[in-house]
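The structure under discussion appears below in the form of structure tokens.
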Amino acid sequence: MEQDEKRITDLINKLMESDNLEKAPEGFTHSVMTEVEKFSKSPSIAYKPLIPKYVWWLIILFFLGSITYFNLNRSNTNNDSQFFVLPEFSFRLFDTSILDFSAGLMYAMVFLVIMICVQVPLVKQYYDKRLAV
Amino acid sequence: MTTNEHQLIESIKNGETKAFSILVDRYKDLVYTLSLRMLKNKEEAEEVAQDTFIKVYKSLDKFKGDSKLSTWIYRVAYNACLDTIKRNKKRINDVAIDEISFNKLDYIDNALENLIKQERSQLIKECIDKLPEDSSALLTLFYFEEFSLEEISKIVNIETNTVKVKLFRARKKLAIILESYLQPQNRLTYGTG
């Protein structure tokens with residue numbers, strides 16, 4: 001069995017010596033460079049996030065602070081049923097019609113936002129993993 | 001990663017796009033060969049090879065330099081080919097691995113001796129073209145770039161031992177296809193799926 005394997009390996013090794021690389025088509029580098037030039041970035045327009053990191057930290061702190069504050073208030077008032085009720089929104093358009101958001105719609109929107117927040121890091125992680133070695 | 005490659009990457013990151021053309025020239029033939037042998041179509045292979053270099057350019061910041069630059073580029077190319085195959089739902093039928101006797105191997109060996117180099121080269125190309133995409137990719141990476149099994153495992157994202165087994169199977173499949181080519185009366189047809 002091992003002899004068979006060695007024989008096949010030797011035969012293919014010998015055979016592959018005659019094989020050669022395919023040549024990339026004429027003008028291949030030029031085509032790639034034309035595409036690359038389109039979105040090449042010079043240091044002067046290097047990527048800079050719109051919202052700096054420290055602002056994100058402030059937002060996170062504010063968010064955590066709010067949760068803590070509401071939690072403390074909740075334990076003080078001891079009113080569990082009220083805590084999970086989302087505030088009701090209503091917009092007055094041109095003083096003639098009132099646009100009310102139902103509780104169902106509000107919950108759906110909140111869950112949609114949570115879902116997007118979870119999916120974005122997952123998708124990013126997936127592509128990072130594919131490109132990283 | 002060599003110092004030369006490191007300098008090249010730094011130049012590209014600093015906005016010198018011309019430096020990127022050096023990188024393209026260095027790796028374009030193998031990226032194109034890998035794409036062609038996996039996709040079995042010249043137009044598709046050219047498109048995927050170009051996309052590979054564009055992806056490489058866009059994601060150069062993500063390359064940490066832990067592995068060889070070539071390993072990373074071929075991984076991007078390999079994944080791009082797999083995506084194209086998946087999108088087009090075009091797969092080559094696998095080759096049944098039958099037992100291949102010593103007599104048959106002797107016959108193949110003798111028949112190859114009688115072919116001139118050019119004929120042999122053409123024959124290999126035709127036979128590799130009949131292999132499934134993963135087998136042709138492994139043979140291309142192993143024989144052309146002389147990558148170690150560990151490096152190939154990083155490119156195709158499978159365990160080193162599995163690469164070793166798959167590489168042997170690829171050799172065996174190639175021998176079986178080769179035999180059918182050298183014995184026209186027994187010629188098998190391996191159509192596209």
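Residue numbers begin at 1 in each chain, while the letters A, B, ... track the order of the sequences. We use all heavy atoms of the structure for the numbers below, so side chains are in, but hydrogens, waters and symmetry mates are not.
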Is B:Phe20 close to B:Ser11 at the side-chain level, that is, under 4.5 Å between some pair of heavy atoms? no

Would one find more than 12 heavy atoms of other residues, nucleotides or ligands at under 6.0 Å from atom CD of B:Glu47? no

Heavy atoms only, distances under 4.5 angstrom: which of B:Val56, B:Ile155, B:Thr33, B:Val31 has the most pairs with chain A? Name it, please. B:Thr33

Sort out for me which of B:Thr140, B:Leu30, B:Leu139 touches chain A most, counting heavy-atom pairs under 4.5 Å. B:Leu30

Non-hydrogen atoms of B:Ser35 and B:Val48 that approach each other most closely: OG-CG1, 4.1 Å

Scored by heavy-atom pairs under 4.5 Å with chain A, the best of B:Ile128, B:Ile124, B:Val24, B:Leu34 is B:Ile124

Between B:Ser21 and chain A, with a heavy-atom cut-off of 4.5 Å, which part of the residue counts as in contact: side chain, backbone, both or neither? both

For B:Phe142, is the NZ or CZ atom of B:Arg171 found under 6.0 angstrom from the centre of its six-membered ring and inside 45 degrees of the ring axis? yes

Tell me, side chain or backbone of A:Asn13 under 4.5 Å from chain B's heavy atoms, or both, or neither? both

Are any non-hydrogen side-chain atoms of B:Leu174 and B:Leu131 less than 4.5 angstrom apart? yes

